[in-house]
Amino acid sequence: MVDPLVDVEGVFRAESGRALATIARLVGDLDLAEDAVQEAFATALSHWPTSGVPDNPGAWITTTARNKALDVIRRESTRPKRELRSVRESLDDTPPILHPVADDQLRVMFTCCHPALTEESRVALTLRLVCGLQVHEIARLLLHGEEAVAKRIGRAKAKIRQAHIPLRVPPPELLAERTPGVLECIYLTFTEGYAATAGEQLIRHQLCDDAVRLARLVAALEPVDPAAEALLALLLLQDSRRVTRLDDHGEVVLLADQDRSRWDHDLIAEGMTWLDRAGRHPTINAGAAAYLLQAAIAAAHARAASWEATDWPTIVANYDQLAELTASPVVQVNRAVAVSFADGPGAALPLLDALVADDRVADSHTLHAVRADVLHRLGRIDDARHAYLAALATATNEPTRQVFRRKLARLGGTVRPT
Amino acid sequence: MRYLVLLYDNEAAAPEYGTPEWDADLAGYAAFDELAGDAVVGGEALHGSATARTVRHDGTSVRVTDGPFAETTEVLGGFYVLEAPTLDDVIELARRIPVVTQGAIEIRPLAQWIDPPTDSPAPEGTTRYLATMHGPETAADTPNSAEWDAAIDAHQAFGEIAGDAIVGGGAVHPTSTATTIRMRDGELIVTDGPFCEATQIVGGFYLLRSTDDSVMELASAIPVNDGGAVEVRPVLELD
């Protein structure tokens, strides 16, 4: 029998973001909505073990939370009578079984990603309120202390409340200003889900699913934002490879070794369509171009029938353009990988050696692993071994560390456990 | 919702009083006032930072010094109190204030405010001063805390001392609720936090009607946190 406790947690993860978004729309207050949803789950925790999990747990939670919010509003004597009446009417008009409404979540998303909040707060708040993650989970995802994350979220919510940051999707004339912050947050959520920075799991499926779902919502907004279309294309194309990135034992399968027949070809087709749409705008800004180029790179991989058939010169050209747009050394690392396949490992090594001296990526396990691979292909086995050890020392995600251990074992010699 | 909107600019680059550039600047503000209409609840321009004097509360002693609370390149040149339903609405207004393209505008939600008295004649020889509170932020700066309630009592006591000399003022929410905006190359830049941590206003401000000789004594009676300070600048009377 399934432990009902586990089920409540599972339902919380899957449904709390939607329930909160719906209640927030009804009461116009994030705090009240959050409290009501928490209370509804507390009720679930005490009822479900005896009554069993309802058929539609999400609707059960939303309805219960709605009633809790209504109770709070009825109890509150400080609210002006007229306001109370209008809120009560809007609540009473709502059908008892609620369905998640996409607009509700977009509204919460735009509030969480308001430019008057720091970028770190936006991501933490989105993970908490939109994706339904607990503070300790967010702390683990973002590699910060639990207390620091709780404080950051608390501070951001206080600012939303005290400075009256509105709960709304901005009007069309403001979307161009506001959407980049939302897209950045979705991108970070997906990235964190796709290659978790720490922990036992490489992929956090829930984060990937949430990010793709939110990207679809933003891409559907009018007026159309090419950056939103390009980001959706990028996420879909990346996500199409998700199931092939781990083998049956949960170990990482590198792109070169993935079973391409198991890539999700529906997602690839959809991603290509969005890429095509995003590429058709006569002018695009730098932010959109950055997503577009990354999507183009993902598309080049998706198009290749085999690793050997990959169009590396096109990928290098895309990275060249991307490097012009962003000063990110991570782009330089990825570009060096492409160069190593387009022009040979000998051409890539000087690029990577230069990056080892860059403080911003000196501790990046990706850089060390890429360099190790290039050294290996150049036949410099001892140097490759040292580079893998450096990669192992800097990686914090267990499946990734396992890849490096395997590579080291294949190179022979002594492997010091770390 | 009311917001204190603080206008910061590089004084050295600002137009000189009485020059055509000054007039053009003033016309820009007149245009903003017209556009914002009823949203403008209050606001004043200030004399330069060279006219500033500061009351410093160092534990037990109270000291008056010449000069601003902290020396910075960009200084407070004036402020507005704007009425707007949400932060988005106040940003939409504030982005049209002329200084936004060169300096910066800090937006602080007000927790309480004192409306200026209507049609009370100004005693001869008096002028108005802006007294801003600075220094370390404490629990007393968080609305509805016990410390906040205690601070309200202290401010009420000050109100009794100052009487009619208080012609305006407000209590701001903590600096963590501040938002700063700038406009550069036609692009709006919104950031979390106050414009400058060295000069940030903590607690709130008063508008005082007084004389040059007695304003500092009055300002010394404004309750501030230990280690706090009150900076006093004369208002530039434009009429």
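Every chain is numbered from 1 and lettered A, B, ... according to where its sequence line falls, protein lines coming before strand lines.
A donor-acceptor contact closer than 3.5 angstrom is absent between the side chains of B/Q102 and B/Y8. Neither side chain, B/N144 nor B/D149, offers a donor N or O lying under 3.5 Å from an acceptor on the other. Between B/D89 and B/Y3, the side chains place no donor N or O within less than 3.5 Å of an acceptor N or O (distance only, hydrogens not considered). Counted by atom type alone, B/E147 and B/T142 present zero donor-acceptor pairs between their side chains at under 3.5 Å. Side chain to side chain, A/T283 and A/H281 fail the donor-acceptor criterion of an N or O pair below 3.5 Å.
Residue contact with chain A, scored on non-hydrogen atoms closer than 4.5 Å, is absent for B/A111. Only the backbone of A/L117 has a heavy atom closer than 4.5 Å to any heavy atom of chain B. For A/L174, the part lying near chain B is the side chain, with the backbone staying farther off; criterion is any non-hydrogen pair under 4.5 Å. Contacts between B/I91 and chain A at a heavy-atom distance below 4.5 Å involve the side chain alone, from C-beta outward. Neither the backbone nor the side chain of A/R161 comes within less than 4.5 Å of any heavy atom of chain B. Heavy atoms closer than 4.5 Å to chain A are found in the backbone of B/T191, but not in its side chain. For B/E187, no part sits under 4.5 Å from any heavy atom of chain A, backbone or side chain. Residue A/E177 touches chain B through its side chain alone, counting heavy-atom pairs closer than 4.5 Å.
Salt-bridge annotation for A/D104 and A/R107: present, with a side-chain N of the basic residue lying under 4.0 Å from a carboxylate O of the acidic one.
For the pair A/S121 and A/C112, the minimum side-chain heavy-atom distance is 4.5 Å or more.
Interface remark: of the candidates B/A84, B/P109, B/P174, B/P109 forms the most heavy-atom pairs closer than 4.5 Å to chain A. Heavy-atom pairs under 4.5 Å with chain A peak, among B/D88, B/V190, B/T177, at B/D88.
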